[in-house]
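This report concerns only the one structure given below.
A quick note: this is a predicted structure, and the numbers were derived from the prediction, not measured. Lettering of chains follows the sequences in order, A, B, ..., and the numbering in each one begins at 1.
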Protein chains: 2
Amino acid sequence: MNLDLSERRRRILKAVIQQYIETATPVASQDLARQMGVSSATVRNEMSALEEAGLLTHMHTSAGRVPTDTGYRFFVENLMDRAPLSAQEQRTIKHQFYQVRSDFDQWIHLAAAVLSRTAHAAAVVTPPRAYESRFKHLELIAINDMTVLMVLVLHEGTVKQQTLPAEPDTIQDQLSRSAIHINSLCENASVSAIRALAQAAATSEPPLSGFERTVLDMIARSMQQFEDQMNELIHHDGLLEMLDQPEFMHVGRVREVLSILQGGAMLDTLIPQALASNGVQVIIGGEHGRDELRDYSVVLSRYGVDGEATGVLGVLGPRRMAYPRSISTVRYIATVMSDLLNDLYGTDTKAKEEL
Amino acid sequence: MNLDLSERRRRILKAVIQQYIETATPVASQDLARQMGVSSATVRNEMSALEEAGLLTHMHTSAGRVPTDTGYRFFVENLMDRAPLSAQEQRTIKHQFYQVRSDFDQWIHLAAAVLSRTAHAAAVVTPPRAYESRFKHLELIAINDMTVLMVLVLHEGTVKQQTLPAEPDTIQDQLSRSAIHINSLCENASVSAIRALAQAAATSEPPLSGFERTVLDMIARSMQQFEDQMNELIHHDGLLEMLDQPEFMHVGRVREVLSILQGGAMLDTLIPQALASNGVQVIIGGEHGRDELRDYSVVLSRYGVDGEATGVLGVLGPRRMAYPRSISTVRYIATVMSDLLNDLYGTDTKAKEEL
DNA sequence: TTTTAGCACTCGCAGGCTGGGAGTGCTAAC
DNA sequence: GTTAGCACTCCCAGCCTGCGAGTGCTAAAA
């Protein structure tokens with residue numbers, strides 16, 4: 001994508017896209033004539049050339065120009081002014097995160113809320129996850145004489161809770177001993193290691209009781225399930241934020257967005273792809289051939305601490321999205337989240353994403 | 001509300017409402033003439049009387065009749081056929097819950113999903129909560145040499161996680177000892193009891209360390225916050241389910257519903273009210289004077305185990321809602337959830353809600 | 001060769017008009 | 001009390017129309 005555009009054509013393309021993003025109406029040659037310092041006819045000629053090059057279109061003869069996917073792409077990569085969040089905004093955001101700093105599972109909600117309000121688009125955030133989950137700690141708590149609550153902490157800090165039926169006459173003391181036993185056995189173990197331990201129950205020293213074996217099975221199943229549902233835990237927010245946009249005048253669009261957000265195109269391709277790459281990813285319209293996304297753009301970034309826990313966050317909006325602002329916002333919040341996680345996990349220094 | 005309606009008027013009213021619920025178009029006298037076995041003119045006279053009584057309206061002279069709030073109310077209380085879920089449906093639902101029976105926090109999601117799909121409306125579910133939260137168990141886990149993960153289990157089984165900065169050179173052993181100490185002190189304690197303990201740190205036996213005091217403060221704050229956000233944790237689902245209804249042709253409606261669901265009318269009045277009453281509550285249109293709800297109806301029920309943990313679940317839909325089905329669904333799922341919680345908490349037998 | 005003015009042409013869109021259809025309300029007869 | 005008949009009201013989809021916004025093209029100017 002290195003079209004050899006004259007300076008003037010670049011300026012016109014940029015102006016068209018900026019104006020279209022702002023006003024949501026096709027832009028006319030007249031509109032630009034003034035700021036370009038030439039006549040509308042000249043602008044028309046240039047626009048015509050840009051259309052030839054596949055960067056603009058128009059729906060019918062007497063309509064203004066509108067950017068194509070390619071046009072937006074060129075804009076994002078070569079034309080747009082980077083617009084980092086103001087110091088004031090950065091402070092506000094950081095402050096909000098500071099206030100919930102100890103409240104692990106509020107980070108996700110806060111990130112989504114801030115993203116959507118700052119970028120004026122719908123936000124998506126997946127919780128931070130290790131590539132392979134590892135056992136950290138187990139706690140067994142008697143809820144009553146029939147039920148035990150099992151609290152499982154994974155290495156990256158995720159807490160899972162499950163109940164299991166108690167053997168009759170189980171007392172907390174026994175449970176605590178079992179927990180200690182399992183904790184010592186399973187330190188740092190992966191799913192498969194725990195499965196192996198459960199298999200070899202008899203040979204361990206001291207041998208595992210039947211109950212303890214059940215717990216091991218439960219742990220393995222729980223961790224496995226956790227890994228499997230990898231990306232089913234997308235949290236999203238800010239739908240309302242988007243409904244003001246004129247593209248959502250028809251309800252069909254709302255339906256589209258909802259299905260994309262909850263389980264459609266988001267999971268299958270975009271999130272894994274974002275997890276596998278560095279920096280901020282921008283997907284414009286149907287660039288990936290996914291038809292549901294034809295009219296939408298997505299800005300995503302990975303965040304987290306390498307090797308420990310990473311997640312994905314970003315925004316989804318109409319193709320006519322304020323790219324500079326969205327990109328800055330996503331990038332900034334990704335670094336804030338990474339810093340938080342870095343404080344949590346490590347003495348590691350390479351938490352901040354580059355780009 | 002005991003209007004003295006003739007049998008025929010009741011039949012006509014019922015037919016009007018049923019047909020309107022089904023077709024979403026005002027119902028004409030013609031439509032009913034046949035099934036009533038009288039001429040359309042007669043039906044018109046009767047309708048006219050029902051309109052006089054405030055049970056029906058029409059928007060302009062040449063339009064069919066439409067129920068008023070009062071009409072719906074009369075229908076719900078005196079006219080409608082109770083339609084319990086079929087045995088087949090009940091089995092399916094029970095089976096789904098059975099599959100996630102050990103996975104406490106999936107219940108909420110499942111309940112919302114099932115509710116919305118079964119009642120074809122948006123579902124809301126609040127997690128089960130004790131009226132006053134009580135301490136159950138604490139666990140302190142060293143994540144690294146700078147951070148401690150605190151896992152707090154409340155009496156009703158809720159698990160809260162928080163991080164706190166570690167003192168330098170803290171080792172897991174010390175943490176475990178602190179946890180044991182605090183666990184023995186705080187058994188069953190309420191927020192205020194824990195606050196008192198923190199105040200009297202020096203006098204306890206053995207005395208609480210500075211770190212342990214910090215943890216106590218943290219616990220108290222966390223529990224307090226938990227009580228404060230009482231109803232901010234509404235989980236909802238099934239927006240898509242509703243968008244097919246013709247009343248959502250205009251986007252404004254979608255916006256309305258979204259704001260009701262996330263933090264508007266739902267919290268303020270309806271949920272507390274549902275928590276305070278037994279059985280299934282039906283709120284039709286603007287019955288509560290809340291203007292945002294003018295065009296919507298809500299069917300809610302409390303669920304849970306008295307004294308241990310209760311929550312609220314229900315559906316929100318257009319005023320033209322399939323009341324019999326919604327009510328049956330809400331009632332059934334409330335009993336299923338109550339049974340689950342009952343298994344979890346108690347030997348108690350009075351878990352099932354009566355109407 | 002590039003730019004510009006001028007003009008014809010295209011298209012969308014809001015407004016007004018119209019006819020038909022659906023439904024009621026009333027009246028008078030059964 | 002019920003019904004047929006009819007006038008009347010109102011909505012709605014379709015059609016036309018005029019206007020405004022923009023373009024594309026051409027021929028002249030720079």
Side-chain angles (χ1 to χ4, degrees), chain A residues 4-13 15-68 71 246-247 249-250 320, chain B residues 4-13 15-68 71 246-247 249-250 320:
Chain A
D4 227 4
L5 294 183
S6 73
E7 182 53 28
R8 191 169 67 182
R9 286 195 185 152
R10 295 168 73 103
R11 277 178 58 221
I12 288 180
L13 177 59
V16 168
I17 296 185
Q18 283 178 333
Q19 180 170 329
Y20 184 64
I21 285 178
E22 197 178 338
T23 64
T25 46
V27 356
S29 54
Q30 275 288 13
D31 299 351
L32 303 190
R34 227 167 259 166
Q35 53 178 297
M36 290 296 134
V38 292
S39 78
S40 66
T42 309
V43 175
R44 274 202 293 286
N45 286 332
E46 297 289 51
M47 279 174 156
S48 192
L50 288 166
E51 185 158 356
E52 194 72 17
L55 299 164
L56 296 178
T57 358
H58 56 207
M59 1 224 64
H60 58 86
T61 16
S62 73
R65 292 320 207 285
V66 164
T68 62
E247 15 270 296
M249 233 165 41
H250 300 292
R320 185 187 59 76
Chain B
D4 226 5
L5 294 182
S6 73
E7 182 53 27
R8 192 169 66 180
R9 287 199 183 150
R10 294 167 74 102
R11 276 179 58 222
I12 288 179
L13 178 58
V16 168
I17 296 184
Q18 283 179 334
Q19 180 171 328
Y20 184 63
I21 285 177
E22 198 178 337
T23 65
T25 46
V27 355
S29 53
Q30 275 287 14
D31 299 350
L32 302 191
R34 226 165 261 167
Q35 53 177 298
M36 290 298 134
V38 292
S39 78
S40 66
T42 310
V43 175
R44 274 203 293 285
N45 286 334
E46 297 289 51
M47 279 175 157
S48 193
L50 288 166
E51 186 158 356
E52 194 71 17
L55 299 164
L56 296 179
T57 358
H58 58 290
M59 3 224 62
H60 56 86
T61 17
S62 72
R65 293 316 205 287
V66 164
T68 62
E247 15 270 294
M249 232 165 41
H250 299 293
R320 185 186 59 76

Next on the checklist: Protein within reach of the bases, or only the backbone? For nucleotides 24-30 of chain D, mark each nucleotide 5' to 3' as B, S or -, using heavy atoms under 4.0 Å.
Outcome noted: BB-----
Checklist entry - Checking Ser29(A) side chain against Val43(A) main chain: does a donor-acceptor pair fall under 3.5 Å? => result no
Next on the checklist: Show every salt bridge (charged side-chain N to carboxylate O under 4.0 Å, His left out) that has at least one partner inside residues 27-41 of chain B, sequence neighbours left out.
Outcome noted: none
Next on the checklist: Run the side-chain hydrogen bond (donor to acceptor under 3.5 Å, both in side chains) test against Thr57(A) and tell me which residues pass, sequence neighbours left out.
Outcome noted: none
Checklist entry - What pairs with Arg320(B) under side chain to side chain contact (heavy atoms under 4.5 Å, CB included), at least two apart in sequence or on another chain? => result Tyr20(B), Ile21(B), Ala24(B), Tyr72(B), Gln245(B), Pro246(B), Glu247(B)
Next on the checklist: Under the rule for side chain to side chain contact (heavy atoms under 4.5 Å, CB included), what residues qualify as partners of Thr42(B), not counting sequence neighbours?
Outcome noted: Arg8(B), Val38(B), Ser39(B)
Checklist entry - Starting at the 5' end of DNA chain D and moving along, which residue's nearest nucleotide shows up first, Thr42(B) or His60(B)? => result Thr42(B)
Item to check | Atom-to-atom span, CE of Met47(A) to P of dT4(C) - whole angstrom | outcome: 15 Å
Give the table of side-chain donor-acceptor pairs shorter than 3.5 Å for residues 58-66 of chain A, with sequence neighbours excluded, one pair per line with atom names and distance.
unit_1   : atom_1 : unit_2   : atom_2 : d
His58(A) : ND1    : Arg65(A) : NE     : 3.4
His60(A) : ND1    : Ser62(A) : N      : 3.4
Arg65(A) : NE     : Glu51(A) : OE1    : 2.7
Arg65(A) : NH2    : Glu51(A) : OE1    : 2.9

Checklist entry - Tell me, which of residues 18-39 of chain B have any heavy atom that sits under 4.0 Å from an atom in DNA chain C? => result Val27(B), Ala28(B), Ser29(B)
Checklist entry - What do you reckon, is CD of Gln35(B) surrounded by more than 12 foreign heavy atoms closer than 6.0 Å? => result yes
Next on the checklist: Once side chain to side chain contact (heavy atoms under 4.5 Å, CB included) is applied, do any residues pair with Arg9(B), and if so which ones, sequence neighbours excluded?
Outcome noted: Leu5(B), Ser6(B), Glu46(B), Ala49(B), Leu50(B)
Next on the checklist: Among residues at least two apart in sequence or on other chains, which ones pass side chain to side chain contact (heavy atoms under 4.5 Å, CB included) with Glu7(A)?
Outcome noted: Arg10(A), Arg11(A)
Item to check | Base versus backbone protein contacts along nucleotides 15-20 of chain D [heavy-atom cut-off under 4.0 Å; B, S, -] | outcome: ------
Checklist entry - How long is the line joining CG of Leu56(A) and P of dG22(D), in whole Å? => result 15 Å
Checklist entry - Partners of Ser40(A) by side-chain hydrogen bond (donor to acceptor under 3.5 Å, both in side chains), sequence neighbours excluded? => result Arg44(A)
